[in-house]
Amino acid sequence: MAQRLRVRYAKRGRLRFTSHRDISRAVERAVRRADVPVAFSAGFSPHPRISYVGSAAPTGVASEAEYLEISVTRECDPGRFRAALDASLPPGLDVLDVVEAGGGSLADRLECSVWQVRLPGADPALAGAAVERFKAADRIEVERLTKKGIRRFDAREAVLSLDIAEGSETTAGQASSQSCVILRMVVRHAVPAVRPDDVLTGLRLVADFAPPSPPEVTRLAQGPLDSRTGAPADPLDLDRDMTRGGDTGPASEHAVGDL
Amino acid sequence: MPVESLFPRLEALLPRVQKPIQYVGGELNSTVKDWDEATVRWALMYPDAYEVGLPNQGVQILYEILNELPETLAERTYAVWPDLEALMRAEGVPQFTVDAHRPVRAFDVLGLSFSTELGYTNMLTALDLAGIPLLAGDRGDDDPIVLAGGHAAFNPEPIADFLDAAVLGDGEQIAIAITEVVREWKAEGSPGGRDELLMRLAESGGVYVPKFYDVEYHADGRIRRVAPNRPGVPWRVHKHTVMDLDEWPYPKRPLVPLAETVHERFSVEIFRGCTRGCRFCQAGMITRPVRERSITTIGDMVEAGVKASGFNEVGLLSLSSADHSEIGDIAKGLADRYEGTNTSLSLPSTRVDAFNIDLANEFSRNGRRSGLTFAPEGGSERMRKVINKMVTEEDLIRTVTTAYTQGWRQVKLYFMCGLPTEEDADVLGIADLARKVIKAGREATGSRDIRCTVSIGGFVPKPHTPFQWAAQADHETVDRRLKALKDTLRADKEYGRAIGMRYHDGKPSTVEGLLSRGDRRVGAVIRAVWEDGGRFDGWSEHFSYQRWMNSAEKAGVDVDWYTTREREENEVLPWDHLDAGLDREWLWQDWQDAINDVEVEDCRWTPCYDCGVCPTMGTEIQIGPTGKKLLPLTVV
């Protein structure tokens with residue numbers, strides 16, 4: 001196998017309704033259309049060597065930071081690879097960054113996520129009070145229906161930070177003066193995973209806070225927890241350091257072929 | 001008049017439904033055109049769930065052809081699942097297209113493609129959600145023309161009250177012709193309202209407008225006559241036939257969905273029509289004559305389609321794909337082209353002969369030899385003569401044995417139950433055949449690691465076939481025969497475990513029979529079923545036999561009269577005024593031949609037997625060989 005590439009991609013807008021399986025089919029087809037020299041597994045029914053890293057943003061949740069790894073049979077320039085794959089994917093599935101894999105496991109670097117939760121129509125004052133109650137608690141037991149049935153777990157400890165972000169306001173000028181609250185949270189990846197909807201459940205439990213319309217959730221970033229900022233760092237930086245190249249640098253000299 | 005996108009309102013509902021991606025559109029190769037720049041706007045509907053409807057070839061072809069026309073726009077709409085239907089009703093969101101999420105009622109034409117009658121209730125849901133009156137007679141000038149096509153449209157009588165119009169046969173040219181009639185009428189300022197538009201469409205004899213025909217009945221319920229009720233309307237409406245498929249190489253840019261669908265492949269029709277003459281097969285009767293697409297056009301379409309879609313499977317479609325005059329060269333040419341690219345080729349293979357195995361071997365060069373399918377259809381030699389499926393037991397055993405010795409481990413055999421003149425012994429013959437297949441296979445391979453699955457469907461007599469006069473077997477009989485077959489296979493210690501059996505109970509076939517050969521009086525049943533909550537009748541988890549029977553009773557419709565009653569030669573059939581080109585006397589003669597076990601050869605290779613289609617329709621058989629070859633793609 002010539003090379004392994006690490007890809008950061010986004011799912012945006014109406015494509016947030018794609019499931020993980022939908023994305024995986026779309027990527028396989030895009031790879032074929034883009035004529036990327038993807039490696040195939042050996043065996044009875046060969047599959048393209050594409051693996052999805054970390055836990056996928058759920059169906060209905062947008063993301064600016066999903067990751068996959070793809071093996072190619074000849075060396076590719078990450079910048080050109082990014083452009084080719086991005087052009088081939090439907091708009092809304094957008095390739096943001098491609099680096100050549102350095103050592104180590106990317107999955108191990110995805111320690112936490114930043115989530116943004118827009119709550120159209122929610123009252124900022126009530127939301128603020130609920131957030132404070134949430135943060136003041138040591139432990140908040142929530143229930144979620146999983147494949148293994150109803151699970152009960154703590155939604156508090158994994159939440160490293162939870163704030164009402166700027167931009168939350170009563171927007172003047174709009175009909176019926178719709179207010180909108182934007183929550184921003186950094187959540188540590190744990191088992192079972194604590195997801196933004198678990199945090200919303202927590203807010204309901206501690207303060208009886210319930211948004212009037214479906215929340216719009218976006219994963220903004222994921223990566224290793226940077227203790228100075230309390231937020232994730234770019235997980236691909238380590239690969240860039242190791243391979244001294246990548247998307248942001250000049251095209252690698254050893255690149256051959258179209259990509 | 002600007003039409004706003006419904007998407008913002010729909011979007012708020014999507015987090016609350018299953019598989020929301022099916023409603024968002026944005027498929028690769030889909031088209032969104034400017035509303036105001038179009039003068040004729042089509043909403044195309046496949047009246048089933050998105051996952052079934054999206055891959056439909058008919059809709060994809062018309063979608064592309066119409067969108068290529070100037071000042072013409074086509075968008076698609078599908079049946080929404082009950083979870084979204086409930087939310088749409090609660091929030092007042094009307095039926096929408098998935099392309100630009102425009103309200104279906106704003107379009108000029110709502111074209112529905114009916115592959116099966118079981119989509120009728122879904123049509124009513126869509127009309128109702130769209131805000132279009134269910135009955136054609138209640139519609140006004142602001143409502144679209146509701147137009148049906150597809151195989152079920154060859155007898156649209158059960159849904160005649162809900163339709164403004166129907167077209168028979170190939171849609172490519174007639175869709176364009178209809179577009180031009182609508183355009184002209186609108187340009188003149190829509191004179192005479194929708195009635196005049198329908199009249200202009202009907203006059204040509206190419207579009208059936210049910211309300212321009214009156215049906216009269218005998219006292220005993222049989223139809224006395226069907227006649228035009230105004231001057232200028234032709235007595236019979238004719239089907240459309242596209243000649244020279246090379247001039248219509250669609251789809252060129254196949255739709256690639258984000259959601260998972262039932263066929264994840266790029267399909268190319270390699271020919272239309274079939275003259276094998278299987279008497280149960282409506283498709284074979286109504287799509288005559290055979291018109292082949294040339295090997296070079298097929299090659300070009302496959303190459304362009306794979307490139308435009310990224311699909312890793314290519315399907316070569318037709319009613320009997322191994323019958324293409326150059327199928328061997330097509331198979332070899334494509335296998336050469338795509339060798340080593342992880343692109344697989346598939347052929348719906350149904351013919352029972354050794355040549356089919358050569359093809360299957362060619363298509364499985366990369367080592368996948370899992371299963372092969374053959375369709376002998378009838379369990380006994382006599383039964384196969386009745387249905388004109390000319391396969392001897394010897395042929396079948398030899399073919400299947402060859403498949404096993406060449407490494408195929410699993411063979412699937414398709415049969416039907418409930419065929420005309422069928423007796424218990426004919427169905428038990430399926431067990432006999434399957435045992436012989438396994439026995440011969442074990443002897444030839446020396447291995448016990450081979451399997452045979454028999455898959456059995458219920459037979460439904462269809463309009464425009466020799467069996468249109470036949471009595472349909474009642475579901476008790478079908479279920480009893482299937483149970484006997486199952487018991488026989490289960491009791492077989494020697495071979496039983498190597499034989500699988502797949503089947504459905506006979507009740508859905510009774511409803512399908514009612515809808516297939518029904519007349520206008522059956523419309524009340526469809527409506528009652530729908531009002532009682534009937535949706536997605538093609539899905540076993542949604543289908544309710546009891547609901548259909550209760551509704552029939554309520555509507556005063558005797559289901560047995562429509563299904564299990566044999567018709568006389570001279571009875572006026574509900575579809576007699578709709579012309580598929582088949583000569584009625586020939587059909588009757590073929591029905592008599594069936595009863596007398598007389599077979600008919602394929603007219604591609606033997607003299608014409610006067611089914612009537614070519615002279616009536618002005619068509620001719622178009623087959624190769626062209627002698628041309630597919631070249632391997634050059635690697636850059």
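Just so it is clear: chains get the letters A, B, ... in the order the sequence lines come, proteins before strands, and each one is counted from 1.
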Discussion item. Take a 6.0 Å sphere around CG of A:Asp208 and say whether it holds more than 12 heavy atoms from other residues, nucleotides or ligands.
Written reply: no
Item to complete: Name the member of B:Gly25, B:Gly26, B:Ser309 that forms the most heavy-atom pairs with chain A at distances under 4.5 Å.
Response: B:Ser309
Item to complete: Could you tell me whether B:Arg451 atom CZ has more than 12 heavy atoms of other residues or ligands within 6.0 Å of it?
Response: yes
Item to complete: Sort B:Tyr23 into side chain, backbone, both or neither according to what part of it lies under 4.5 angstrom from a heavy atom of chain A.
Response: neither
Worksheet item: Which residues in residues 8-19 of chain B have a heavy atom less than 4.5 Å from any heavy atom of chain A?
Response: B:Glu11, B:Ala12, B:Leu14, B:Pro15
Worksheet item: Relative to chain A, which segment of B:Leu258 carries a heavy atom at a distance below 4.5 Å: side chain, backbone, both, or neither?
Response: both
Discussion item. Within a 6.0 Å radius of atom CZ on B:Arg448, are there more than 12 heavy atoms belonging to other residues, nucleotides or ligands?
Written reply: no
Discussion item. Is there a side-chain contact between B:Ile21 and A:Ser19 in this structure, where contact means two heavy atoms from C-beta onward sitting under 4.5 Å apart?
Written reply: no
Worksheet item: Between A:Arg14 and chain B, which part of the residue has a heavy atom less than 4.5 Å away: side chain, backbone, both or neither?
Response: both
Discussion item. So for atom CD, which belongs to A:Glu143, do other residues, nucleotides or ligands contribute more than 12 heavy atoms lying within a distance under 6.0 Å?
Written reply: yes
Item to complete: Answer yes if the side chains of A:Arg32 and B:Thr343 hold a donor-acceptor pair under 3.5 Å, and no otherwise.
Response: yes
Worksheet item: Atom CZ in A:Arg25, atom OG1 in B:Thr261: separation rounded to 0.5 Å?
Response: 7.5 Å
Discussion item. Could you go through A:Arg33 and B:Leu28, starting from their C-alpha distance and side-chain angles, then the distance that decides it, and tell me whether this counts as side-chain contact (heavy atoms from CB on, under 4.5 Å)?
Written reply: CA-CA 11 Å; A:Arg33 285 193 300 272; B:Leu28 186 73; 3.1 Å; yes
Worksheet item: Which ring-ring contact (aromatic ring centres under 6.0 Å, His included) pairs, counting each pair once, include a residue from residues 49-79 of chain A, with sequence neighbours left out?
Response: A:His20-A:Tyr52
